[in-house]
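Everything on this sheet refers to the single structure shown next.
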Amino acid sequence: MSNKQTGEYIVAKASEEKIGEILLKQGLINPHQLEEALQEQKTTGEKIGEVLLRKGWLAVEELNRALAMRIGVSIFDLSNYIISPEVVELIPQDVAINYKLMPVFKVGNVLSVAMLDPGNVFIIDELQRITGCRIEAVLSDEIPIRKAQDQYYGGAGTIQEIISQIDISKLKDGENLGEEAPIVKLVNLLIVEAVQSGTSDIHLEPEEKFVNVRYRVDGILHKHMILPKDLQPAIISRFKIMSGMNIAEKRIPQDGRILKKIGNKDIDFRVSACPTIHGENIVLRILDKGNMIAGLESLGFPKKELKLVEELITQPYGIILVTGPTGSGKTTTLYSILQKINKEDINIMTVEDPVEYQFPQIRQVLVNQKAGLTFAAALRSFLRQDPNVIMVGEIRDRETAEIAVQAALTGHLVLSTLHTNDSPTAFTRLVEMGIEPFLVSSSLLGVLAQRLVRKICSRCKEEYVPSLKLLQTLGLEGKLEPDQKFLRGKGCALCSKSGYKGRIGIYELLKASARIQELVLNRSSADDIREAACQQGMRTLRETAIDKLLAGETTAEEVMRVTLGGG
């Protein structure tokens, strides 16, 4: 008999053994206890599990695990889930309370339902009749089921409806502001709406008389709603409770983390609280682990640049840098490279802050500044761990840069990121950090600068003619084919009237040729390095963005916005 751990619940295989035999096999009770419980069961008529619980020989969690194994269902920890309102609506409140259950998520036509009695065929048949879905019953305890019912039921479907039901006076007097059911429901709905709309960051911004909520979608901040000022303390407390912050501390910045499942997705939220004159500003960065990894081929690389990247990452040693501002997709590119080269005969080690995605057979280290585990400290340790490939989340200082160069020169392939606006500047930035030019020129294989441009919404795309001034600024006047067409999004429900849906990468790849190395040795400027690289065939960010424009994937306005300054 075997069971398989899958994160927040246990998947079990149905067993014909009696519950007492399973508990005995697992070492949770001894033969004497089982015999005594069986004898007592004959007198009281209780279930064997109830007898064992009453006598204190077994914990509820242990009994549930054995029950799940016996009937072949999963054990759910409802506290790990944020449930979508659409899923809650599938099962009426009176049915959920009567049968002691809670709908959790729906994939296709399969509805997962946490139940106190998942082996009850009558209840499952009734749920299938009500919902029209195939029911996947999972086991949960009564207390978390009741708590979830309190949080998610109550007749309110929208945020405005929830707000209208909140008694502000009770919130002001309550000690545990963030634990009130309407506040929990309100915050959960804010999070669910953000995830469903493809939001990357949630901003909760206190103003003098209200609280502004903005979502960043496809790199652009949009106002989502305004919340009453009276709800500010409770909502901020709720976010701080969820992310493990000190709710009593309001004078200094704090950081926290929330790990939840929404639907069947694992979502990691990085939470930051910063005191402002109108109260604490809260920002949640949403990391959807299911969308984190994409193959290099799907990131938007042109054929020429893709071929060159694939050549660089097969080199046995040297440094490859990915540059760009925060939110430009650098981590996704590095992870896609790791996925490409992750093989049994290669030892890969990473040091990250944070670890956004976990890979099999890759040793990943999380930076811990308080404990002294910095990028540099981890890198030093890596050199004694016989790696072939090392990934450093970011080169932030001279010490980290020096060790990365040392690793590259002693036979390791080093992947990392650097905050520069383009690829030529990466060479001069390392020199400015204090790395000798001869070390930079001999260790750096290439630099990939990147940005993300918004893609035209596929549902509402239409032809249009960009302004002549814009085409002139982009250097396209007189260079277009007579039949060249331009597209834009008209705006629809799918793209929230923005005309854009999703993003794709644009890239500037500079390979360190002999000429580039010579310029670095002579401490030449980034402009000189750029000029030489372009003469050798490097295409700039703007040039690769224009390719996306001419292919009908993005707009002239978007190219201009992302590559402002020439790119």
Side-chain angles (χ1 to χ4, degrees), residues 1-83 91 95-105 111-127 135-153 179 181 184 241 244 259-261 266:
M1 187 171 314
S2 64
N3 57 4
K4 181 176 70 174
Q5 183 76 36
T6 64
E8 52 290 313
Y9 56 89
I10 302 292
V11 176
K13 204 172 182 179
S15 168
E16 295 181 359
E17 291 181 292
K18 294 181 177 179
I19 191 67
E21 294 171 348
I22 293 174
L23 293 168
L24 194 61
K25 251 184 189 179
Q26 292 182 339
L28 297 173
I29 59 173
N30 60 47
H32 172 74
Q33 290 171 327
L34 177 58
E35 181 60 31
E36 187 174 328
L38 288 169
Q39 291 299 324
E40 193 162 328
Q41 181 191 31
K42 292 176 183 178
T43 305
T44 64
E46 295 172 287
K47 293 180 180 179
I48 188 70
E50 293 173 346
V51 177
L52 292 167
L53 287 175
R54 178 166 50 77
K55 287 185 166 292
W57 292 340
L58 196 65
V60 173
E61 295 79 10
E62 294 171 332
L63 177 60
N64 280 345
R65 193 175 294 264
L67 286 169
M69 182 173 291
R70 184 169 183 268
I71 62 178
V73 299
S74 309
I75 298 177
F76 257 58
D77 179 2
L78 274 172
S79 65
N80 283 341
Y81 280 78
I82 295 178
I83 305 170
I91 297 179
V95 174
I97 292 173
N98 185 41
Y99 291 141
K100 298 179 180 178
L101 54 84
M102 190 70 207
V104 184
F105 65 86
L111 176 64
S112 293
V113 181
M115 301 172 60
L116 196 61
D117 186 9
N120 191 316
V121 178
F122 166 76
I123 295 177
I124 292 173
D125 287 345
E126 179 70 3
L127 293 178
I135 301 299
E136 182 185 65
V138 295
L139 180 65
S140 186
D141 292 336
E142 186 169 3
I143 292 176
I145 287 176
R146 283 180 177 174
K147 189 173 181 181
Q149 289 171 345
D150 289 342
Q151 290 178 5
Y152 291 102
Y153 284 110
E179 299 287 4
V184 172
I241 288 168
L259 291 169
K260 292 288 182 182
K261 257 187 173 285
D266 290 302

State, to 0.1 Å, how close [X] and [Y] come at their nearest heavy-atom pair, and which atoms those are.
{"X": "Leu127", "Y": "Met115", "value": "CD1-SD, 4.4 Å"}
{"X": "Pro118", "Y": "Leu139", "value": "CD-CD1, 3.5 Å"}
{"X": "Lys100", "Y": "Ile145", "value": "O-CD1, 3.5 Å"}
{"X": "Ala37", "Y": "Ile48", "value": "CB-CD1, 3.5 Å"}

Under the rule for side chain to side chain contact (heavy atoms under 4.5 Å, CB included), what residues qualify as partners of [X], not counting sequence neighbours?
{"X": "Leu24", "result": "Ile29, Pro31, Leu34"}
{"X": "Ala148", "result": "Leu78, Met102, Tyr152"}
{"X": "Lys260", "result": "Ile82, Met242, Ile258, Phe269"}

Would you compute the distance between atom [atom1] of [X] and atom [atom2] of [Y] and round it to the nearest 0.5 angstrom?
{"X": "Arg146", "Y": "Ile97", "atom1": "CZ", "atom2": "CD1", "answer": "10.0 Å"}
{"X": "Tyr153", "Y": "Ile83", "atom1": "OH", "atom2": "CD1", "answer": "8.5 Å"}
{"X": "Ile135", "Y": "Leu101", "atom1": "CD1", "atom2": "CG", "answer": "9.0 Å"}
{"X": "Ser140", "Y": "Tyr81", "atom1": "OG", "atom2": "OH", "answer": "10.5 Å"}

Please list, one pair per line, the donor and acceptor atoms closer than 3.5 Å that link side chains of residues 49-58 to other protein atoms, with sequence neighbours excluded.
| unit_1 | atom_1 | unit_2 | atom_2 | d |
| --- | --- | --- | --- | --- |
| Glu50 | OE1 | Lys47 | N | 3.1 |
| Arg54 | NE | Glu46 | OE1 | 3.4 |
| Arg54 | NE | Glu46 | OE2 | 3.4 |
| Arg54 | NH1 | Glu40 | OE2 | 2.9 |
| Arg54 | NH2 | Glu40 | OE2 | 2.6 |
| Arg54 | NH2 | Glu46 | OE1 | 2.7 |
| Lys55 | NZ | Glu36 | OE2 | 3.4 |
| Lys55 | NZ | Glu40 | OE1 | 3.1 |

- Query: What pairs with Glu35 under salt bridge (Lys or Arg N to Asp or Glu O under 4.0 Å), at least two apart in sequence or on another chain?
  - Reply: none
- Set of residues satisfying side chain to side chain donor-acceptor pair (under 3.5 Å) with respect to Asn120, sequence neighbours excluded: Asp117
